[in-house]
Amino acid sequence: HGSVMCGANMPALRYIGPGGEVPSRLNSLGWTLVEHAKAADAMVIETYDNQDQDYRKRLEGTITLVRSALDEIAVSQVKTLIIVTDQSSTTGERRKGVDTTHLHGACPDGIHGFGSLTAETLGRIAAQQGVNTRILRLHNLGDDDRIQLLEQGLKKNTTNSIYEVMTFSA
């Protein structure tokens with residue numbers, strides 16, 4: 001049936017994350033929210049830091065979310081995956097001798113940074129399965145900017161890369 005954006009049917013979106021403004025705003029922009037990736041054209045995973053003191057529970061907002069999403073993607077026809085992280089995978093202390101201007105250098109900031117880095121890396125599994133995967137590292141952005149970047153990411157069907165990482169700060 002061609003592109004997910006054409007036809008009378010509203011495109012279906014599977015949202016996984018803390019909820020709040022993002023899913024309701026995407027819904028008002030014309031996305032139908034669905035309960036499982038089986039019924040979805042696209043998926044948004046919004047990771048978050050739950051600030052838990054137990055490091056295993058702390059990773060539930062990052063690694064656990066993405067792992068369960070990958071289980072759903074494996075049995076779906078999802079075309080686009082967007083994983084939203086903060087910049088904690090790159091804001092940790094840099095190792096001596098590492099070029100700090102190199103944007104792709106991984107320097108996790110604590111356990112949450114490690115979780116974010118792992119979530120970003122797990123996105124490559126979806127890309128290997130043919131899903132257009134975008135990692136959006138968003139830092140200090142308000143809801144309007146976050147929604148706009150998500151909407152652009154969901155609309156953009158193809159790029160040269162099936163896996164891309166983009167960083168946006170306020």
Side-chain angles (χ1 to χ4, degrees), residues 12-27 31 33-40 42-78 80-98 100 102-143 145-147 149-150 153-154 162-170:
L13 177 70
R14 171 71 167 117
Y15 171 86
I16 297 177
E21 195 68 15
V22 172
S24 63
R25 292 270 294 277
L26 288 171
N27 184 239
W31 288 88
L33 300 175
V34 295
E35 292 297 313
H36 193 283
K38 273 185 195 170
M43 180 182 262
V44 169
I45 306 167
E46 199 176 19
T47 67
Y48 59 96
D49 187 352
N50 62 16
Q51 305 282 328
D52 201 291
Q53 293 305 304
D54 178 334
Y55 73 91
R56 287 164 302 199
K57 289 194 177 123
R58 183 101 181 253
L59 296 173
E60 288 173 5
T62 52
I63 297 172
T64 306
L65 284 185
V66 178
R67 282 191 53 202
S68 65
L70 288 173
D71 291 343
E72 289 188 26
I73 287 170
V75 295
S76 77
Q77 301 295 308
V78 167
T80 302
L81 168 65
I82 297 179
I83 300 174
V84 179
T85 65
D86 51 22
Q87 292 177 9
S88 61
S89 63
T90 59
T91 54
E93 198 171 311
R94 301 205 177 267
R95 295 182 306 279
K96 204 176 176 109
V98 172
T100 56
H102 185 58
L103 289 174
H104 300 294
C107 296
D109 185 3
I111 192 72
H112 174 67
F114 173 75
S116 291
L117 178 64
T118 306
E120 293 169 6
T121 306
L122 286 171
R124 288 193 179 277
I125 294 171
Q128 289 165 352
Q129 295 171 355
V131 179
N132 272 313
T133 304
R134 288 185 193 85
I135 309 299
L136 299 183
R137 291 179 181 152
L138 307 182
H139 182 66
N140 284 340
L141 295 181
D143 283 338
D145 290 331
R146 292 170 73 86
I147 303 293
L149 289 166
L150 279 168
L154 288 167
I162 199 159
Y163 179 87
E164 69 187 326
V165 178
M166 294 169 281
T167 302
F168 300 95
S169 295

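Between Y48 and P18, the shortest heavy-atom contact is CD2-CD, 3.5 Å. Of all non-hydrogen atoms in V78 and A37, the two that sit nearest each other are CG2-O, 3.7 Å. Of all heavy-atom pairs between I16 and A69, the closest is CD1-CB, 3.7 Å. Of all the heavy atoms in G113 and P108, the pair that sits closest is C-CB, 3.6 Å. Across every non-hydrogen atom of G61 and N50, the tightest pair is N-ND2, 4.1 Å. Of all non-hydrogen atoms in A127 and Y163, the two that sit nearest each other are CB-CB, 3.9 Å.
One distance of note links CZ of R58 with CD of Q51; it measures 5.5 Å at 0.5 Å rounding. A distance of 9.5 Å separates CE in M166 from CG in L138, rounded to the nearest 0.5 Å. If you take NZ on K57 and OG1 on T64, they are separated by 12.0 Å, rounding to the nearest 0.5 Å. Here the CE atom belonging to M43 is positioned 7.5 Å from the NE2 atom belonging to H36, to the nearest 0.5 angstrom. With values rounded to the nearest 0.5 angstrom, R56 atom CZ is found 13.0 Å from I63 atom CD1. Here L149 contributes atom CG and R137 contributes atom CZ; the two are 14.5 Å apart, rounded to the nearest 0.5 Å.
Remark: E72 engages R14 in a side-chain hydrogen bond (donor to acceptor under 3.5 Å, both in side chains) (not counting sequence neighbours). Contacts of T85 classified as side-chain hydrogen bond (donor to acceptor under 3.5 Å, both in side chains), with partners at least two apart in sequence or in another chain: E120. The side-chain hydrogen bond (donor to acceptor under 3.5 Å, both in side chains) check on Y15 picks up E46, with sequence neighbours excluded. Evaluation of the salt bridge (charged side-chain N to carboxylate O under 4.0 Å, His left out) rule for E21 yields R25 as partners, not counting sequence neighbours. Under the side chain to side chain contact (heavy atoms under 4.5 Å, CB included) criterion, N27 pairs with L33, not counting sequence neighbours. Listed by chain and number, the residues in a salt bridge (charged side-chain N to carboxylate O under 4.0 Å, His left out) with D86 amount to none (sequence neighbours excluded).
Under the 4.5 Å side-chain criterion, counting only non-hydrogen atoms from C-beta, F168 is in contact with L141. Annotation: side chain of I162 is not in contact with side chain of T133 (no heavy-atom distance under 4.5 Å). T118 places none of its side-chain heavy atoms less than 4.5 Å from the side chain of T62. The shortest distance between side-chain heavy atoms of T167 and T90 does not fall below 4.5 Å.
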Query - Verdict with reasoning, E164 to N132, per side chain to side chain contact (heavy atoms under 4.5 Å, CB included) - result: CA-CA 9 Å; E164 69 187 326; N132 272 313; over 6 Å; no

Report task. Go through the steps for I83 and L122 under the test side chain to side chain contact (heavy atoms under 4.5 Å, CB included), then give the verdict. Result -> CA-CA 10 Å; I83 300 174; L122 286 171; 5.9 Å; no

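Side chain of T47 to main chain of V84: a donor-acceptor pair is present (N/O by atom type, distance under 3.5 Å, no hydrogens or angles). With S76 contributing its side chain and I73 its backbone, the two residues share a donor-acceptor pair below 3.5 Å.
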